[in-house]
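Convention: sequence-line order gives letters A, B, ...; per-chain numbering from 1. Values below: every heavy atom of this structure, side chains too, minus hydrogens, waters and symmetry copies.
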Amino acid sequence: MRRAIILCMKSCLSLLVASFLFACTSEEAPSPDGGTPSNAGQAAGDSYGASLSASETTAIHDLLKDKESFVGETLQVEGTVVGVCAMRGCWIEIGGEDGESIRFKVNDGEMVFPMAAKGSSVRAEGVWTKIVVPVEELRANEAKKAAEAGEEFDPQSISEPYIGWQLKGLGAVIDV
Amino acid sequence: MAKNRLRKWIRVIHRDLGYLCAGLTLVYAISGVAVNHVQDWNPNVKIERFVHEIGPAAGLSAEEVLQRLGQPPTHKSTFRPNRRTLQVFTDGSTFTVDLPTGQVQQETSSTRPLVYETNFLHLNHAKKAWTWIADLFAISLALLAITGLFMIKGRKGLSGRGKWFAGAGVALPLFFLWLYL
């Protein structure tokens, strides 16, 4: 029995050492500053998340002009990356031709956009989403922040809910 | 006799796997600390901000702005979020120009040496074959843990003081699970 265990241990050790030594190195090129493209190095650009499927793009200007009517729709937009989440790379700000921009947000870690994407062309697809944060929640958040900073907070300073808009990210292609 | 041979092999495995895993463990340890504090910093990228004055810049092109800043004129793109602001994107920097005053905010980003590379491996951004190496490393860590328990017998072994240390190692995560979950 013990011989069998020893034999098994020898085999495991040999297998592990051999595996470490002979496993191939990765062929995927790293994004220059921490992003996680799924097809880095391809001429068409770096892909993030799911493949783009929409056949046409929606202009950012049109989207912002009639925000409510697009809620819940899966849309593709095109523009320039004008901002990137500096902490986790979890969102990019996409600028349109006339200076307007929208936020393309993904769940933390799902896609990580590199800071180097700033200024690059992007096509992104996601679900247009309206975010409403009620007054009570805003007050609670601000009160917590103020307490942490040792500052005073007047709950009456917030009287309206926060309304935000974003494209909840499914996939993006950033030209390199 | 056979018991001694078994223990000898446990020590051999622990020793050689330990050598093999030393480098990998350091990679995961450095990155582990870095990403543990992801709320407080970007563990991959270092961002620096500078302010420049170039004088009133209304009507200047992106090339002219870069020229006034002493930068090469090549840029990736520009963006005008409003009438008084021009953003110029170059490789590694974003220049945000307040056109009437000519105040320019420069934001540069660069990868953090060593930490970026360790994060790249730890978070498996490499994927493909590295996934297998990472799996093998995880199995090796499990083997190191198991063989570590049985390397020494007697007073300093698992039946002696070892049981208290091993017990503490199990109790710690259980305690925090009880506390926070």
Between [options], which residue shows the highest count of heavy-atom pairs closer than 4.5 Å to chain A?
| options | answer |
| --- | --- |
| B:Lys76, B:His75, B:Lys8 | B:Lys76 |
| B:Arg83, B:Arg112, B:Glu107 | B:Glu107 |
| B:Leu123, B:Thr90, B:Thr94 | B:Thr94 |

Just by modelled atom types, is the B:Thr85 backbone N or O under 3.5 Å from a matching donor or acceptor in the B:Asn82 side chain?
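Judged by distance alone, yes, a pair lies under 3.5 Å.
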Strictly distance-based, threshold 3.5 Å: is any side-chain N or O of B:Ser159 a donor or acceptor partner for the main-chain N or O of B:Gly157?
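Checked: no pair found.
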Using non-hydrogen atoms and a 4.5 Å limit, figure out which bit of B:Asp40 sits close to chain A: side chain, backbone, both or neither.
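For B:Asp40, backbone heavy atoms alone lie under 4.5 Å from chain A.
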Given that the side chain runs from C-beta out, which part of B:Gln39 has a heavy atom under 4.5 Å from chain A: side chain, backbone, both or neither?
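Both parts, backbone and side chain.
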Going by atom types only, do A:Thr74 and A:Glu125 share a side-chain donor-acceptor pair under 3.5 Å?
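Not at all, the side chains of A:Thr74 and A:Glu125 share no donor-acceptor pair under 3.5 Å.
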Going by atom types only, do B:Gln106 and B:Ser93 share a side-chain donor-acceptor pair under 3.5 Å?
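There is such a pair (donor and acceptor under 3.5 Å, judged by atom type) between the side chains of B:Gln106 and B:Ser93.
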May I ask you to name which of A:Gly96, A:Ser121, A:Gly89 has the most heavy-atom pairs under 4.5 Å with chain B?
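If we count pairs closer than 4.5 Å to chain B, A:Gly96 comes out on top.
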Do other residues, nucleotides or ligands put more than 12 heavy atoms under 6.0 Å from the CD atom of A:Glu97?
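Check fails, neighbour count at 12 or below.
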